[in-house]
Amino acid sequence: EYRGDLLGAGSATVSCGTDPSVDVFHSLELTERKNVTVVARRTDGVPEPLALGFRSAGCDGTPDTVCTTGTPALFNRTLDPGTYFFVVESRPGFAGPYAITAYTTDP
């Protein structure tokens, strides 16, 4: 689990969130094929949903492959070896602390 804060974050890219939104990138490197579940949740009790974007390239403008929003936002997919990126986003007025957790299992 990683705990971060969207307060003070910028907007590096247009992702799954509303425009404007603030975002933070996280990477996940897999050395073998795995079923991956990623959960992004607020840790401050605010009921506003988070957006979670998934992409196979960084913040270079490549669009997200999967977008999800929720309280918490949840991603689940089987992935091949490689480096993947998750973008946690929030509307600026609701930026605050969050946690992101990745679980991997054999497919």
Lys/Arg N to Asp/Glu carboxylate O, E48 vs R42, below 4.0 Å
no
So do V22 and R91 actually touch side chain to side chain, heavy atoms under 4.5 Å?
no
Students often mix this up, so state it plainly: with edges at 30° and 60°, are the rings of F85 and F25 parallel, tilted or perpendicular?
perpendicular
How close do A40 and P72 get, heavy atom to heavy atom, and via which atoms?
O-CB, 3.3 Å
Got a second to check how far E29's CD is from T83's OG1, nearest 0.5 Å?
4.0 Å
Taking atom CG of N35 and atom OG1 of T104, what is their separation to the nearest 0.5 Å?
9.0 Å
Heavy atoms of R3 and T43 approach each other most closely as NH1-CG2, 3.3 Å
Side chains of R77 and K34, heavy atoms from C-beta outward: is any pair under 4.5 Å?
no
CG of L30 to CG of L79: how many Å apart, nearest 0.5 Å?
6.0 Å
Given side chains that start at C-beta, do those of T71 and V46 come closer than 4.5 Å, heavy atoms only?
no
For H26 together with F75, are the ring centres under 6.0 Å from each other?
no
Do V66 and I100 share a hydrophobic cluster (ILVMFWY, side-chain heavy atoms under 4.5 Å, transitive)?
yes
Euclidean distance, L52 CG relative to Y98 OH, rounded to 0.5 Å:
10.5 Å
Can you check whether Y84 and F54 have ring centres sitting under 6.0 Å from each other?
yes
Is V39 reachable from V87 through a run of I, L, V, M, F, W or Y residues, each pair having side-chain heavy atoms under 4.5 Å apart?
no
CG/L7 to CG/D44 distance, rounded to the nearest 0.5 angstrom?
10.0 Å
For a 4.5 angstrom cut-off between non-hydrogen side-chain atoms, does T31 reach P81?
no
For residues P92 and P20, report the shortest heavy-atom separation together with the two atoms involved.
CD-O, 3.3 Å
Roughly how far, to the nearest 0.5 Å, is CD of E89 from SG of C67?
8.0 Å
For residues L6 and Y2: do they belong to one hydrophobic cluster (side chain heavy atoms under 4.5 Å, members Ile, Leu, Val, Met, Phe, Trp, Tyr)?
yes
Under the criterion side chain to side chain contact (heavy atoms under 4.5 Å, CB included), which of L50, D23, V38 is the partner of V88?
L50
N76 vs V36 side-chain heavy atoms within contact, under 4.5 Å:
no
